[in-house]
Every structure is written in structure tokens, then in C-alpha cells.
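Following: one structure in C-alpha cells, then a few remarks.
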Amino acid sequence: MQKPDLTPKDYADILNNVPEGLFYRFPLCLVNGVPLMKHIAEQWEGVEKFQARPDDILIATYPKAGTTWMQEIVDSIMNNGELEKNKRAPTHVRSPFLEICSPPPVPSGVDILNNTPSPRLVKTHLPFKLVPESFWEHKCKTIYVARNAKDNAVSYYFFDRMNKTQPDPGTWDQYVERFLTGEIAWGSWFDHVIGWWNAKDKHDVLYMFYEDMKEDPKREIRKVMKFLGKNFSEEVLDKICQHTNFKAMKENPMANYSTVPNMLLDQNLSPFMRKGEVADWMNYFTESQNKMFNMEYEKRMKGTDLKFRTNI
Ligand code: A3P
């Protein structure tokens, strides 16, 4: 018999009571050439052999591309717009993070997912080549969200400062270089967005863009709704738009990661719901960083028809 959901209280209790020193800025180790946090690399076999179920919905992103936003949208759709149901638990319990591993007693993403009743909303930041094969054997529906590289880099920089389990990002100048070389957790943005772009033609993957979602949320939510085989009235769609807008999610304790202790995510340094905008990169890139970034970008994106907007 399937065990019940890990309750939000169970999870909060575990995180709030971990021994001092359990969490620190974990170093990165390569898994098939992709840098991942040490504990993920050490427990990789469990991730690789993960058993997907045919009705799993996979939400895949490069970190900071709009994962949490899409998780809230998909949960709202799966709850048929009965948004009270979204309040049952914080994002990371409603939609567990497949590959995440911390030292015991914190349960791994795989452990949590194995104890989650179907239909499961599975979050991953894995590049396509590292996704467990069982998702494709079962033809699982997958939603990928991509965000333009410059805004993605800025968002990730602030996140790496506040996430006390990821390597220190250093200065912004150093970070821009590391982002381009892919020496950060989950590796190269280029490999990620292109790998998934190519995968969408072979699997049941809906490829979404953060910029499109900002431009016209209702249009984009409708796309996701149709992909998931649902059909709602305009009124229900409007309700979901309202529930998943930046301001509403920033104020929603079940979506803004405020239930995760500060020693893990230090929201005094930078809020998880930081700005939620397109083109914030303009506030951080110097002229020379922008020039260098554009040159490398052109080289790396040559040969793909994948196009991004850095402004809307
Ligand atoms: P910023 O740091 O640019 O503000 P992820 O969920 O993948 O970690 O991505 C986090 C980024 O998405 C953050 O970007 C966050 O503010 C933004 N975000 C989260 N919810 C959003 C929403 N409802 N609308 C727009 N952006 C949102």
C-alpha cells in the first residue's frame, strides 16, 4: 500500500532540527560531465534508477528559469482551479525535487517521491541526458521552462548567495565567467536549453519560455492546460492567473519558500521571490561584460534554431 504524503509538518520538523553543520556549501562533483552537488553525485545510482510512473508530470528547468512558477501553475491546473487545494503544503512537498540529496536525516528527493501518491508533479533541474530513462519508457508528459541566459545568470547569482548549500558565487564579475563556462551547479545553461530543445521533438515535451509567460500569462497557462488535457472556463483561467502572478506568489507562504529555514535559504540576503522580471540583467551587466557575454553566446548558440528574447 502506498504511504501518505510526507506532511509539511514532518518536512519542516526535519529541516528545523538538523544538527548544526549538516548543511554547508557543498562542493560540486561531476556526474557524466555535469557538475552536481556532492551528495547528489554520491547517491547518483538512486536517481538514475528512479522509477517514474506513467501519470507523472515532469517539470524541468535550468535553475532559476521559473520552476516554482510553473510548479504552482501545474498544481493549479491539476486541482482544476480549486485553489484551496494548493494550500495543502509548500511547493517542495507538493512537487518534490527528483535529484536533491542532503546528508541524513533529510530525506532525498527520490525517497520523498517514492512516498508520494500519484499523480506526482516531479521537479528536476537535470539536463536532458541525465534524466532517468523510466520517464521516457513511460512517455511521461514533461514541461520545460527556459529563460534567457542573462536574466537567468542574474537570478542564479543572487540565489547562489542566499542558498547556503551551493558553492559561493564569488563576485558578479567572476560569476558571469563561471556561468558561461558552466562551472556551477547543474552545469552549462547552453547544454541545458539546447539539450531539451532537441529532446522536445522525440518526447512529449512542452517547451515554454519565461519571457512568453511574463508577456501573456493567460495565453501561456492555456497552453499548459491543453497540454495536460484539461479545458477550463475563462473564469477558472483568470483565477489561476491571479493565483500565480508574482505578487500573489511572493505573499503566499506555500509558494515563497518561507517555510524553509534561513540557515538553508537566507532570505534576508535575497528573497526567493526576488524581482520576477524580464530584462533585469540590464541593471547588472557592465558594457564589457555584456560584450564578452554576447560573443560567447553567439559561438555557443550557433547551429541551433532556439531563440530567446532578452527584453519584451
Ligand atoms: P528573479 O530572481 O529574477 O526574481 P526558480 O523557481 O526556477 O528558482 O526561479 C526563480 C525565479 O523566478 C526568480 O527570478 C523568481 O522571482 C521568479 N518567479 C517566481 N515566481 C514568479 C512569478 N509568479 N512570476 C514571475 N517570476 C516568478
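Values in this document were obtained by computation on a predicted structure and should not be read as measured data.
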- request: Mark yes when over 12 heavy atoms from residues, nucleotides or ligands other than Met295 sit less than 6.0 Å from its CE; otherwise mark no.
  value: no
message: Does the structure place the NZ or CZ of Lys200 under 6.0 Å from the centre of the six-membered ring of Trp196, at an angle of no more than 45° from the ring's axis?
response: no
message: Applying a strict under-4.5 Å side-chain criterion to I, L, V, M, F, W and Y, I'd like to know whether Phe227 and Ile73 cluster together.
response: yes
Presence of salt bridge, Lys239 and Glu235, under 4.0 angstrom: no
message: Are Tyr157 and Phe159 an aromatic pair, judged by ring center distance below 6.0 Å?
response: no
- prompt: Can you check whether Val193 reaches Leu306 side chain to side chain, under 4.5 Å on heavy atoms?
  reply: yes
- prompt: Less than 4.5 Å apart, any side-chain heavy atom of Ile184 and any of Trp189?
  reply: no
- request: Please list all pairs passing the salt bridge (charged side-chain N to carboxylate O under 4.0 Å, His left out) test where one or both residues lie in residues 149-175, with sequence neighbours left out.
  value: Lys164-Asp266
- prompt: Strictly under 6.0 Å, is that where the ring centroids of Phe158 and Tyr284 end up?
  reply: yes
message: Can you confirm whether more than 12 heavy atoms, excluding those of Glu177, are under 6.0 Å from its CD atom?
response: no
message: Do the side chains of Arg222 and Asp216 get close enough for a salt bridge, i.e. N-O under 4.0 angstrom?
response: no
- prompt: What is the ring orientation for Tyr207 with Tyr144, classed by angle as parallel under 30°, tilted 30 to 60°, or perpendicular over 60°?
  reply: tilted
- prompt: Do Phe272 and Val260 pass the side chain to side chain contact (heavy atoms under 4.5 Å, CB included) test, and can you show the C-alpha distance, the side-chain angles, and the key distance before you say yes or no?
  reply: CA-CA 11 Å; Phe272 187 91; Val260 172; over 6 Å; no
query: Do other residues, nucleotides or ligands put more than 12 heavy atoms under 6.0 Å from Lys139 NZ?
result: no
- prompt: Do His203 and Phe128 have their ring centres less than 6.0 Å from each other?
  reply: yes
- prompt: So do the side chains of Glu99 and Leu130 get within less than 4.5 Å of each other, counting heavy atoms only?
  reply: no
query: Do Ser155 and Asn152 have a side chain donor and acceptor closer than 3.5 Å?
result: no
- prompt: Within a reach of under 6.0 Å around NZ of Lys38, are more than 12 heavy atoms found that belong to other residues, nucleotides or ligands?
  reply: yes
field: Residues Asp56, His138; criterion side chain to side chain contact (heavy atoms under 4.5 Å, CB included); working and verdict
entry: CA-CA 9 Å; Asp56 283 344; His138 290 298; over 6 Å; no
- request: Give a yes or no on whether the ring-centroid distance for Phe293 and Phe285 is below 6.0 angstrom.
  value: yes
- request: Would you mind reporting whether Trp186 and Leu36 have side-chain heavy atoms less than 4.5 Å apart?
  value: yes
query: Heavy-atom distance under 4.5 Å between the side chains of Met213 and Val145, does that happen here?
result: yes
Carboxylate-amine/guanidinium contact Glu220 Lys223, below 4.0 Å: yes
